[in-house]
Amino acid sequence: MTPPSDAPRTHAGSVAEQTDPRGLLRLRLAAAGGPAVHRMVAPGLVEVLTLAPLGRAVTPELLAEWEIGVEEALASAEANSGAESLELGWEGRGETDLAVLTGSEFAGAHIRRLEHYPVIGQHGALFVAAGAGELYAHPLCGPDSEVVLDALGTIACSAAITSSVFWWQDRVIRLAATTATRADGSVEVRPTPELRSVLDGLTATHEFALLPADIDGALEALEIYSRLRTDPGRPDPALRALSIDLDPAYGLTAGAGGAILHARGHDRAHHLLAALNLTKDRDLAVLDIATGCLYNPRERVEVEVTMPDHTLPYLTPALLADLITAAADPNDPDLTLTRAGDRIRAHRHEYVYQLETRTGTECSRVYTVLPVVVREVLWAWACEDPDWKTAVGWRKVAPGAPGVESARGLEILQDELAAPTSRLTVEGLALLDQFLGLRDRALPAGE
């Protein structure tokens, strides 16, 4: 049926005849722009110039008819769309809560104004355009960022506009991750290398800086690490090549003059071992960010180093000092050095160390409460320095004889005093007194 001649006309041209079209221009999110005027937001996401309230796409020909330039039209559309208010809510998705911004079909224009909403973190925000008037977002910060990305990826995989996750930072928008559905129906989320680097830093429980071995101490190493965190620069090819041999469980941020190894999980000794193995033949030093210890392979001695669950590739003074005080099991550290069938073992029980050597069938032992003595004896033994034989008062014992777990305080005191140069300090005596209080019965008067 033909409408009466006085009925409102609804095509775009008639709107232009009745009002200034600039006030009706809006932006709508889409995966592609087609013949309409549009601008790219990020790969796979564009803003299409649209006429409200009809929701019809505006073509270059129509803008020419209105005598409005493309840039002017897009600027008007962004201002008009941004002026519309959005409703903010929160929705639980798995192990996290996501912000949900909802409004008209032109709500997507607010992706350039996310700083006006409580969704911005240390590294900006991750968001998904689930529909024309629905955005899901979350701050990019903190150790739960991987969980957030997975939740957003699951939404994106079934979103009406695009199946990608995007990253807002300082009003710049880029692709954050693509998604795909696996054969079993689960969603695979694939972050870009840039986002992967940020995620590794946010979710890591341990970090190690990998630096040229000619580094001038831990202070310079920390300065380079700080720069790598904020401005990595162009990666050196040799450092970038580290990723070839890298265990997939670890992340790597390579930059100019160094790289950062990101580890997850609380087994620090395991992560340190991975860093040492990765760098030992590449003339790279390892800085443990948590402890500030620098392990330089140029200071190493080639000796087999074993702990209850780990074997280290080499030994340095700094590494030995760290292992003595913070071994894999802090409650029962055990460190053994082996060379050509001979071995020396350091074992700590409560406050007391037991040093024991095996050469052939001969076994010698000594007790001490001083970590410095343990370090010096072990390092001398590792370097084949004969001073290890005279630094303490070794006692011959039968192999397998009961050790420090059943030792009396008097035995320990005698060993300390039997050293050629006893270094039992007030602090050492205090530790020994605590040990005696825990272990020994009170001595009868006159004994």
Side-chain angles (χ1 to χ4, degrees), residues 217-219 268-269 272 276 286-288 290-296 298-301 303-308 310 312 314-339 342-358 364-395 397 403-405 407 409-439:
L219 183 59
R268 173 179 172 270
L272 176 59
L276 295 175
V286 175
L287 176 70
D288 186 336
T291 65
C293 291
L294 181 67
Y295 310 115
N296 196 323
R298 293 187 180 181
E299 302 170 355
R300 70 185 178 186
V301 291
V303 62
E304 183 179 329
V305 186
T306 57
M307 299 163 66
H310 307 285
L312 300 182
Y314 60 80
L315 191 67
T316 69
L319 186 55
L320 176 60
D322 182 38
L323 295 175
I324 292 301
T325 56
D329 181 358
N331 298 316
D332 186 19
D334 193 312
L335 180 66
T336 302
L337 309 184
T338 305
R339 182 181 53 245
D342 297 339
R343 75 178 191 185
I344 186 168
R345 174 177 178 248
H347 168 66
R348 189 178 75 207
H349 180 69
E350 295 175 343
Y351 304 100
V352 183
Y353 291 90
Q354 172 183 307
L355 281 168
E356 184 174 293
T357 66
R358 290 282 186 96
S364 299
R365 181 181 295 166
V366 69
Y367 300 131
T368 180
V369 294
L370 301 176
V372 64
V373 171
V374 179
R375 294 198 302 268
E376 290 178 359
V377 170
L378 290 177
W379 186 247
W381 189 95
C383 296
E384 301 186 74
D385 181 345
D387 284 351
W388 72 267
K389 300 177 181 178
T390 57
V392 292
W394 294 102
R395 294 177 288 106
V397 296
V404 66
E405 288 81 2
L410 186 58
E411 291 180 79
I412 299 164
L413 181 58
Q414 288 172 336
D415 279 357
E416 291 284 15
L417 297 177
T421 303
S422 178
R423 286 184 285 182
L424 193 59
T425 61
V426 173
E427 291 79 8
L429 284 169
L431 285 174
L432 187 55
D433 182 61
Q434 292 184 54
F435 181 82
L436 287 166
L438 291 169
R439 176 67 60 81

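Atom CD1 of I344 is separated from atom CG of L378 by 5.0 Å, given to the nearest 0.5 angstrom. The CG atom of D288 lies 10.0 Å from the CG atom of L294; values are rounded to the nearest 0.5 Å. Between the OH atom in Y314 and the CZ atom in R298 there is a gap of 12.0 Å [rounded to 0.5 Å]. Atoms CD and CG, from E376 and D385 in turn, are 10.5 Å apart once rounded to the nearest 0.5 Å. In this structure, CG on L287 lies 10.5 Å from CG on L219, to the nearest 0.5 angstrom. With rounding to the nearest 0.5 angstrom, the CH2 atom of W394 is 5.0 Å from the OG1 atom of T357.
Nearest heavy-atom pair across L315 and A382 is CD2-CB, 4.2 Å. The shortest non-hydrogen separation linking V303 to W381 is CG2-CZ3, 4.0 Å. Considering all non-hydrogen atoms of both residues, A346 and I324 come closest at CB-CD1, 4.5 Å. In terms of heavy atoms, G292 sits closest to A218 at O-CB, 3.6 Å.
Contact annotation: the side chain of V374 approaches that of T368 to within less than 4.5 Å [non-hydrogen atoms, C-beta and beyond]. Looking only at side-chain heavy atoms (C-beta outward), R395 and Y367 come within less than 4.5 Å of each other. Contact of the Y353 side chain with the V404 side chain is not registered, since no non-hydrogen atoms from C-beta on lie closer than 4.5 Å. In this structure, L272 and H310 have side chains that are not in contact, with every pair of non-hydrogen atoms separated by 4.5 Å or more. Contact annotation: the side chain of L276 approaches that of L319 to within less than 4.5 Å [non-hydrogen atoms, C-beta and beyond]. L335 places a side-chain heavy atom less than 4.5 Å from the side chain of V305.
Judged by a 6.0 Å distance limit and a 45° cone about the ring axis, R300 is not positioned over the six-membered ring of Y295.
With hydrogens and angles disregarded, no donor-acceptor distance shorter than 3.5 Å links the side chain of W388 to the backbone of C383.
A search for side chain to side chain donor-acceptor pair (under 3.5 Å) contacts involving R339 returns nothing, not counting sequence neighbours. Under the side chain to side chain donor-acceptor pair (under 3.5 Å) criterion, R365 pairs with E356, not counting sequence neighbours. R343 pairs by the side chain to side chain contact (heavy atoms under 4.5 Å, CB included) definition with T336, T338, R358, not counting sequence neighbours.
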